[in-house]
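Structure first, commentary second.
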Amino acid sequence: GLASTTIMTFNPWTAAGTLSPGFHVLGDLSGGTCFVGSVPWSSIADASNEYAWRCNDGYDPCFAPPARSNVTQLACAVAPYLQFGVELLELSQPLPDSSTGFTPTGVWPLVMVLSNGDQCEVIQGTGQSFGKSALSYACNGGYASSPLTTSGAWSISYLANGAESLITLAVTTAWE
């Protein structure tokens, strides 16, 4: 079996607050806001990352440069994530702090690549359920649970489209 899951970090910013080498800008967005009323909106797609925000009705995740205040520009991930493309979002209302301050329960990767080659992303709404299993990820060929991370090789419960039972698959790569 798989010895361990490869953990990749999707971090578009350098410590100096500039776009990281290897990332390319696919577009520019303006008039962005990451608030619902006066409440900052933490990312749903990348809940494990304290610098990930949800902005403008579905730009999620958008990443703030770490450890900054009065942030005026975020880098929003664009699918397919693995190509390092981002859209830069100019905010109409600066974020007072780059961190959402949100501490997740559990591990919620942005993208998981499974041992069968399928790719899965967090469902940004109500997930699927199958028996007692919550399937919080939508994959190209089905649905998956959040990962079990107790060993080096993470695993998920997987329901293929049209299948009538769950199978366990290894997570080969997780993007956080």
Side-chain angles (χ1 to χ4, degrees), residues 1-15 19-24 26 34 41-55 58-67 74-87 89 98-161 163 165-176:
L2 183 68
S4 67
T5 297
T6 301
I7 312 298
M8 303 287 287
T9 301
F10 189 91
N11 179 13
W13 298 105
T14 66
L19 206 59
S20 294
F23 281 82
H24 51 278
L26 298 174
C34 309
W41 216 4
S42 297
S43 173
I44 297 170
D46 196 8
S48 295
N49 187 322
E50 68 172 315
Y51 301 113
W53 297 81
R54 181 177 178 85
C55 307
Y59 289 119
D60 185 357
C62 293
F63 297 91
L74 302 180
C76 301
V78 179
Y81 299 107
L82 310 184
Q83 300 303 315
F84 296 103
V86 294
E87 290 184 322
L89 175 64
S98 58
S99 172
T100 61
F102 176 72
T103 306
T105 54
V107 177
W108 295 93
L110 178 58
V111 174
M112 294 187 293
V113 181
L114 309 180
S115 54
N116 67 352
D118 208 348
Q119 293 186 6
C120 308
E121 298 179 30
V122 174
I123 297 170
Q124 296 187 29
T126 305
Q128 301 290 316
S129 59
F130 186 82
K132 292 182 178 175
S133 297
L135 303 176
S136 304
Y137 284 78
C139 312
N140 295 329
Y143 294 93
S145 66
S146 58
L148 188 64
T149 59
T150 50
S151 69
W154 296 2
S155 63
I156 52 92
S157 295
Y158 182 80
L159 183 68
N161 290 334
S165 62
L166 293 169
I167 59 172
T168 300
L169 292 175
V171 178
T172 57
T173 307
W175 288 76
E176 299 194 314

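Side chains are part of it too, since the values below use all heavy atoms of this structure and drop only hydrogens, waters and symmetry mates.
Between Ser42 and Thr100, the shortest heavy-atom contact is OG-CB, 3.4 Å. Contact record, Leu26 with Gly85: CD1-CA, 3.7 Å, taken as the closest heavy-atom pair. Contact between Pro66 and Trp13 at its shortest, heavy atoms only, is CD-CB, 3.9 Å. The two residues Thr168 and Ser155 make their nearest non-hydrogen contact at CG2-CB, 3.9 Å. Heavy-atom minimum distance, Ser43 versus Asp60: OG-OD1, 2.5 Å.
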Determine, step by step, whether Leu114 and Cys120 satisfy the side-chain contact (heavy atoms from CB on, under 4.5 Å) criterion, reporting the C-alpha distance in whole Å, the side-chain angles of both residues, the deciding distance to 0.1 Å, and the verdict. CA-CA 8 Å; Leu114 309 180; Cys120 308; 3.5 Å; yes
Residues Trp175, Ile7; criterion side-chain contact (heavy atoms from CB on, under 4.5 Å); working and verdict: CA-CA 6 Å; Trp175 288 76; Ile7 312 298; over 6 Å; no
Apply side-chain contact (heavy atoms from CB on, under 4.5 Å) to Asp118 and Tyr158, showing your working. CA-CA 10 Å; Asp118 208 348; Tyr158 182 80; 2.6 Å; yes
Residue pair Cys55, Leu89: steps toward the side-chain contact (heavy atoms from CB on, under 4.5 Å) verdict: CA-CA 9 Å; Cys55 307; Leu89 175 64; 3.7 Å; yes
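Side-chain contact between Phe63 and Asp46: present, with at least one pair of heavy atoms (C-beta onward) separated by less than 4.5 Å.
One distance of note links CG of Leu110 with CD of Glu121; it measures 7.0 Å at 0.5 Å rounding. Atom CD1 of Ile156 sits about 5.0 Å away from atom CG of Leu169, to the nearest 0.5 Å. The CH2 atom of Trp53 sits 13.5 Å away from the CD1 atom of Ile44 when rounded to the nearest 0.5 Å.
Side-chain atoms of Ser145 come within 3.5 Å of backbone N or O of Ser157 as a donor-acceptor pair. Between the Thr173 side chain and the Val113 main chain, no donor and acceptor come within less than 3.5 Å of each other. Between the Thr149 side chain and the Trp154 main chain, no donor and acceptor come within less than 3.5 Å of each other.
Side-chain rings of Tyr51 and Phe10 stay apart, their centers remaining 6.0 Å or farther from each other.
Between Cys62 and Cys34, the SG-SG separation does not fall below 2.5 Å.
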Output side-chain donor-acceptor pairs under 3.5 Å for residues 127-142, partner residues at least two apart or in another chain, one line each.
| unit_1 | atom_1 | unit_2 | atom_2 | d |
| --- | --- | --- | --- | --- |
| Tyr137 | OH | Pro109 | O | 2.8 |

